[in-house]
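Have a look at the structure below before the remarks.
This structure is a prediction, so every number in the text was calculated from the model and none was measured. Letters go in sequence order (proteins before strands), and every chain restarts at 1. In what follows, every heavy atom counts, from backbone to side chain, and hydrogens, waters and symmetry copies are set aside.
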Amino acid sequence: MEIYILNGLILGSIYALIALGLNLIWSITDIPDFSQGGIYVFAAYAAFFSVSLFNVPGIVAILIAALTGAILAFCFEKFLYRRWRGNIPIQLLCAIALFFLLANLAIFFWTAKSWNMDHYIVGKATIMGIGVSYQRLLVIAMVIVLFVAINLFLKRTKTGKAIRAAAQDLEVAPWMGIDTDKVFSIIFAMGGALSGIAAALITPVFTVYPMMGELPLLKALVVVILGGFGSVGGTLVAGLGLGVLESLGAGYISSDYQHGFAFLILMIVLAFRPQGLFGLRRE
Amino acid sequence: MGLKNKKPFLYNKSNLVSVIALVVVFVALCFIPVVYSTYIIYVATLAILYAMLTASYDLLFGYTGQLSFAQAAFFGLGAYCTGILTVNLGINFWLSLPLTVIFALIMAVIIGSPALRLRGAYFAVTTFFLAHFVYLVFLNSRDITGGPLGFRGITRPEPLGPINFNSDVVYYYLVLLAAVLVLLLLYAICHRSELGKRFIAIHEDQDLAESLGINTAFYKVLSFSISAGIAGFTGALFAHFFLLLHPQQFAWFQSEMVVIMTIVGGAGTLIGPVIGAAVVTFVLEFFRYAPEFRFVIWAIALIVILVIEPKGLMGIAKRIGGSIGKLRRAS
Amino acid sequence: MTDILEAKGLKKYFGGITAVDNLDFTIREGSRTAIIGPNGAGKTTIFNIITGDLRPSAGSITFMGERIERLKPSTTAKKGIARTFQVVRVFNNLSIYEHVVMGAVAKESVFSTRSYDNEEIDRILELTGFADEKDKLAGNLTGARQKQLCLATALATKPKMLLLDELMAGLTITEINRSLEILRKINEDMGITLAIIEHVMRVITGLCEKIIVLDHGRKIAEGKPKEIWENEKVIEAYLGKEALDHVGS
């Protein structure tokens with residue numbers, strides 16, 4: 001039981017971290033940015049190569065991954081999505097194409113093989129009688145720190161306030177002296193960085209391979225819808241909740257359908273609360 | 001003459017051109033088995049099946065304006081349904097075919113009713129999960145679907161009188177006939193019926209349509225179901241053509257492929273998606289021997305098409321037609 | 001004459017914001033009623049609740065003796081409520097003629113063989129001034145004309161009551177006068193009850209028999225135009241305190 005919950009929390013915190021970036025992007029720009037799934041893959045490879053080839057310390061690897069993610073997402077928005085602002089189907093298709101492109105480029109460059117990566121911190125702690133590697137604990141700790149940091153950033157800083165104002169009403173934002181292009185760039189870079197960090201954190205626990213972005217992306221999208229658009233706290237709760245439910249479901253009901261629970265939960269929630277579990281749905 | 005008469009006239013002309021083009025293509029398709037090898041017949045059958053699937057999707061996306069990523073899921077449901085009916089239950093193909101369509105329709109109503117309450121990107125993302133869930137069901141219900149080992153034992157349809165479908169050529173003609181019927185049905189719905197006008201109204205402005213008294217929830221589910229029904233029908237024909245079913249054939253990226261074929265051809269034109277399906281199928285076959293490479297090319301090609309002309313090949317054709325018309329008027 | 005519409009105890013909350021607060025009002029059959037108030041007073045929200053685009057948080061709406069507050073917009077449309085939108089909404093790729101026909105056929109089932117009345121469509125096009133351009137695409141009209149097209153389309157649904165949301169915004173004085181004439185004809189000749197949200201004063205005073213004034217979702221006054229303009233609460237809410245001083249001097 002405890003082991004399932006703990007594994008679920010680790011998985012869930014990764015979902016929550018990707019979902020946080022997706023949520024910021026989706027709630028402000030209206031784009032469900034599937035390309036984050038591909039960015040996640042490239043960031044994971046960036047972390048993997050910087051550790052395995054250049055032996056950099058863990059924190060540097062995480063920063064490299066964050067930077068990779070930020071640059072990719074920034075470029076995608078600046079050079080692609082921006083062309084079709086307001087045309088959501090086209091942006092969504094482009095995002096999916098980018099996801100597909102990145103995953104297949106990874107196969108092309110580095111083959112479909114999966115690689116193991118060393119833990120950033122070696123060792124184990126014992127919690128409630130279960131041995132847990134420090135790496136796994138690092139995942140949860142980092143995610144909590146990042147959530148608090150992002151929340152403070154949005155609430156306290158000037159840029160954060162501008163972002164929240166833009167989220168309220170994109171059409172009015174320019175009137176209040178907010179440069180929407182700049183806000184979009186910042187949001188995408190932030191989203192990319194968060195996906196990158198998520199990838200760098202989880203890769204040592206699992207493995208790195210080209211299609212590794214698919215499932216976390218799908219789960220993160222579910223988390224965004226469940227958590228409510230624009231809700232930082234809701235995203236964290238929904239992410240951890242989904243991770244734990246999935247882990248318990250896989251343990252006690254059927255591991256075949258581990259990846260189907262997210263969909264079932266989503267359908268049930270949508271049937272009763274189309275606005276998501278927390279917060280309001282934007283039209 | 002004033003502006004008044006010009007527009008409909010131009011429309012009629014482009015309609016006529018499309019009809020002539022379609023007839024030419026149809027005649028050419030009829031002669032494929034006479035001229036070409038079995039491999040080309042195989043690819044052509046696949047292309048026609050994908051054209052049917054894509055055209056059915058155009059009803060939902062191009063005409064009703066609902067972006068869905070679950071078309072291959074209904075294609076798969078149709079394929080597995082007829083497989084189970086004919087192989088496990090021993091039902092005749094010709095009975096299994098309508099049953100499969102009914103099954104796809106029912107599934108579409110069950111899934112579409114809650115999902116279509118969502119709008120735009122929310123609906124699109126939900127269908128994405130749906131496609132993934134259906135894939136998981138195919139993959140994990142090993143007792144019924146064979147799981148990752150695939151579903152075997154499907155045979156060609158039972159003979160109809162003297163016509164024996166075991167030959168690829170005969171089956172090719174069956175698929176071609178089905179495609180023509182499906183396209184005529186879709187054309188009748190989209191362009192010649194009150195139903196099509198309502199779908200287009202919902203696409204153009206759902207709130208306005210609803211305020212005039214169009215029950216948009218009902219018509220969206222109807223469009224989704226007709227589209228899914230045809231996808232199931234196509235899936236059944238696919239199953240009895242390919243004879244081996246594997247979950248990968250119906251995974252989410254196959255659904256995405258349908259969307260891409262539609263966009264490449266030009267959504268909302270019915271002919272565009274058919275051309276798109278043919279082009280994409282042949283291009284993918286062309287890159288068959290470099291599988292890592294073909295998806296890269298394919299993704300880049302899609303992005304390039306989106307950048308150049310989001311309305312696809314039909315949009316490009318119209319643009320060329322427009323500038324030729326301008327030149328002619330200038331001279 | 002009887003009341004065609006009656007709202008009782010109407011409330012609407014958005015998250016923590018109260019958009020409509022315990023509102024009661026009636027609209028008489030065949031009348032011309034204006035709903036006015038400063039921005040954010042909840043005018044459009046009330047229209048959206050009447051048509052069914054929004055569900056009220058509490059309260060009831062009775063239309064011709066029937067409760068309608070839980071119905072969908074398409075159902076209220078079938079019962080005889082038509083509307084125009086504050087923002088421009090048209091089917092861009094339909095010709096003006098097709099656009100108005102869409103209004104005429106939208107309520108019917110697709111399987112219905114009853115066809116629309118061609119003369120009726122022509123009459124509406126004539127009345128709204130579209131008779132000469134009925135083959136033009138709706139998307140090619142100016143914003144103000146598109147709103148007029150929405151009015152024509154709404155008329156084609158043969159409504160009993162018509163809700164007009166800032167129909168006159170962006171029109172020139174001549175166009176406003178012309179629209180006033182059209183609205184009067186719609187009301188007097190066709191017997192359609194009008195409920196109007198408007199900022200253009202001459203429309204309100206020149207056309208409406210009754211005015212309902214809202215502020216922050218509450219009704220602060222109700223009555224004939226003359227009474228309303230003499231009501232200090234209205235002037236204060238609508239024009240601000242300064243205006244009140246000005247009027248007083």
Side-chain angles (χ1 to χ4, degrees), chain B residues 1-12 14 59 62-65 113 116-117 119 185 188-223 225-226 266-270 311 314-315 318, chain C residues 47-48 51-53 72-85 87-116 132-140 146 149-150 153-159 163 165:
Chain B
M1 295 290 136
L3 245 171
K4 237 167 117 184
N5 298 325
K6 227 165 200 172
K7 204 88 200 181
F9 173 64
L10 268 179
Y11 268 122
N12 287 341
S14 71
L59 172 72
Y63 287 87
T64 321
S113 304
L116 281 159
R117 283 161 55 175
R119 283 195 185 187
L185 173 70
I189 291 173
C190 293
H191 290 276
R192 288 280 174 268
S193 78
E194 286 299 314
L195 194 56
K197 280 184 199 148
R198 281 163 172 76
F199 290 159
I200 293 168
I202 292 170
H203 184 181
E204 295 256 327
D205 194 319
Q206 190 182 327
D207 289 324
L208 178 58
E210 179 82 31
S211 88
L212 295 176
I214 295 175
N215 186 346
T216 53
F218 171 78
Y219 287 110
K220 279 180 356 181
V221 174
L222 189 61
S223 170
S225 307
I226 296 173
T269 58
L270 218 49
K311 287 192 180 116
M314 288 296 275
K318 217 172 242 174
Chain C
F47 271 17
N48 284 337
T51 57
D53 283 294
K72 287 191 290 194
S74 55
T75 317
T76 61
K78 282 175 189 133
K79 297 209 178 292
I81 299 175
R83 77 173 300 178
T84 66
F85 290 88
V87 288
V88 174
R89 289 185 177 281
V90 288
F91 304 126
N92 285 313
N93 292 321
L94 296 191
S95 75
I96 288 171
Y97 187 77
E98 290 171 320
H99 203 283
V100 177
V101 168
M102 185 62 82
V105 299
K107 288 180 187 182
E108 306 284 334
S109 145
V110 270
F111 307 108
S112 144
T113 47
R114 203 138 45 97
S115 92
Y116 55 90
D132 293 336
E133 41 186 2
K134 53 184 173 185
D135 293 323
K136 211 168 164 184
L137 280 189
N140 293 342
Q146 286 180 332
L149 179 59
C150 272
T153 313
L155 277 181
T157 67
K158 295 196 185 126
L163 310 177
D165 200 342

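Between C/F85 and B/S211, some side-chain heavy-atom pair lies under the 4.5 Å cut-off. Two residues are said to be in side-chain contact when any heavy atoms from C-beta on lie closer than 4.5 Å; C/T51 and B/E210 fail this criterion. Two residues are said to be in side-chain contact when any heavy atoms from C-beta on lie closer than 4.5 Å; C/V90 and B/D205 fail this criterion.
Interface remark: B/Y219 contributes side-chain atoms only to the contact with chain C (heavy atom separation under 4.5 Å). Using a 4.5 Å cut-off between heavy atoms, C/T76 makes no contact with chain B at all. For C/F91, the parts sitting under 4.5 Å from any heavy atom of chain B are the backbone and the side chain alike. Heavy-atom distances place the side chain of C/T157, and not its backbone, under 4.5 Å from chain B.
Between the CG atom of B/D207 and the CG atom of C/D53 there is a distance of 6.0 Å, given to the nearest 0.5 Å. Put simply, CZ on B/R198 and CE on C/M102 are 7.5 Å apart, with the number rounded to the nearest 0.5 Å.
For C/K107, the salt bridge (Lys or Arg N to Asp or Glu O under 4.0 Å) criterion is met by no residue, not counting sequence neighbours. Applying the side-chain contact (heavy atoms from CB on, under 4.5 Å) criterion to C/S95, with sequence neighbours excluded, gives C/Y97, C/E98.
No donor-acceptor contact under 3.5 angstrom links the side chains of C/N92 and B/E204, judged on distance only.
Crowding of C/K72 atom NZ: a count of heavy atoms from other residues, nucleotides or ligands under 6.0 Å exceeding 12.
Interface check for chain B: of the options C/P159, C/G139, C/S74, the most heavy-atom pairs under 4.5 Å are formed by C/S74.
Nearest heavy atoms, C/C150 versus B/L208: SG-CD1, 4.4 Å. What you find for C/A106 and B/L212 is that their closest heavy atoms are CB-O, 3.5 Å.
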